[in-house]
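First the structure, in the form of structure tokens, and then the observations on it.
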Amino acid sequence: IDSSTDVLAFSMSEGEFASLNPHMIGDVVVSVERALEQAERAGRDLTSEMRMLAAHGTLHLLGYEDETTNGRARMRRLARKYSAKKEARR
């Protein structure tokens, strides 16, 4: 990638080190700088944007794609669902 991005997902379930830890699917790295820019543009707080991006990266690790219109729509819907703030149970 020759430009800045908001989130990167590094799979650990394929390649040379896939057998290192079969319970680890990979790493997700979120750019706080980009998240802040995007949050401000969308009128969201930084924490909500970070949750959304972490969910997006995790979806990539689980095999979802955003290269097609349908794939993007599905990932956007799922990222919103999984990044929604849940109230703590007492």
Side-chain angles (χ1 to χ4, degrees):
I1 299 173
D2 195 23
S3 63
S4 63
T5 188
D6 51 7
V7 62
L8 292 170
F10 299 96
S11 177
M12 289 283 293
S13 61
E14 54 193 49
E16 183 180 349
F17 301 105
S19 63
L20 211 60
N21 185 343
H23 303 290
M24 185 183 301
I25 61 172
D27 296 310
V28 174
V29 179
V30 176
S31 166
V32 177
E33 183 177 322
R34 287 293 303 270
L36 185 56
E37 291 170 8
Q38 292 172 187
E40 288 173 351
R41 271 198 313 267
R44 287 191 289 266
D45 63 284
L46 178 59
T47 301
S48 296
E49 188 69 16
M50 294 287 289
R51 268 198 218 100
M52 181 77 78
L53 293 172
H56 182 90
T58 302
L59 288 168
H60 275 301
L61 291 177
L62 293 171
Y64 291 88
E65 60 83 21
D66 57 3
E67 300 294 318
T68 65
T69 302
N70 286 341
R72 267 190 303 282
R74 185 175 190 194
M75 281 190 73
R76 197 172 10 256
R77 181 178 48 79
L78 290 171
R80 283 190 188 115
K81 175 182 176 181
Y82 294 122
S83 66
K85 185 176 179 182
K86 305 285 187 215
E87 294 300 318
R89 292 183 185 185
R90 294 180 184 237

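Taking all atoms of both residues into account, the shortest heavy-atom contact from Leu59 to Ala79 is CD1-N, 3.7 Å. Among all heavy-atom pairs drawn from Asp45 and Ala39, the shortest one is O-CB, 3.9 Å. Across Gly57 and Val7, no two heavy atoms sit closer than the pair CA-CG2, 4.1 Å. In this structure, Ala35 and Val30 approach most closely via the heavy-atom pair CB-CG1, 4.4 Å.
Evaluated for a side-chain hydrogen bond (donor to acceptor under 3.5 Å, both in side chains) with Asp66, the options Arg76, Arg74, His56 yield exactly one hit, His56.
Separation of atoms CG (Leu53) and OG (Ser48) is listed at 11.0 Å; rounding is to 0.5 Å. The CE atom of Met75 sits 9.0 Å away from atom CG of Leu62, with the distance rounded to the nearest 0.5 Å. Here Asp27 contributes atom CG and Leu8 contributes atom CG; the two are 11.0 Å apart, rounded to the nearest 0.5 Å. Ser31 contributes atom OG, which lies 8.0 Å from atom CD of Gln38 (distance to the nearest 0.5 angstrom). Summarising the geometry, atom CE belonging to Met50 is positioned 10.5 Å from atom CG belonging to Asp6; distances are rounded to the nearest 0.5 Å. Residue Arg41 holds its CZ atom at 8.5 Å from CD of Glu49, rounded to the nearest 0.5 Å.
In the hydrophobic clustering of this structure, Met52 does not group with Tyr82; members are Ile, Leu, Val, Met, Phe, Trp, Tyr whose side-chain heavy atoms approach within less than 4.5 Å, directly or through other members. Connection of Leu36 to Val28 is established within a shared hydrophobic cluster, with ILVMFWY side chains joined at heavy-atom distances below 4.5 Å, either directly or through further cluster members. Placement of Ile25 and Val29 in two distinct hydrophobic clusters is found when ILVMFWY residues are connected by side-chain heavy-atom separations under 4.5 Å, directly or transitively.
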Between Met12 and Asn21, does the side-chain contact (heavy atoms from CB on, under 4.5 Å) criterion hold? Intermediate values first, please.
CA-CA 8 Å; Met12 289 283 293; Asn21 185 343; 5.7 Å; no
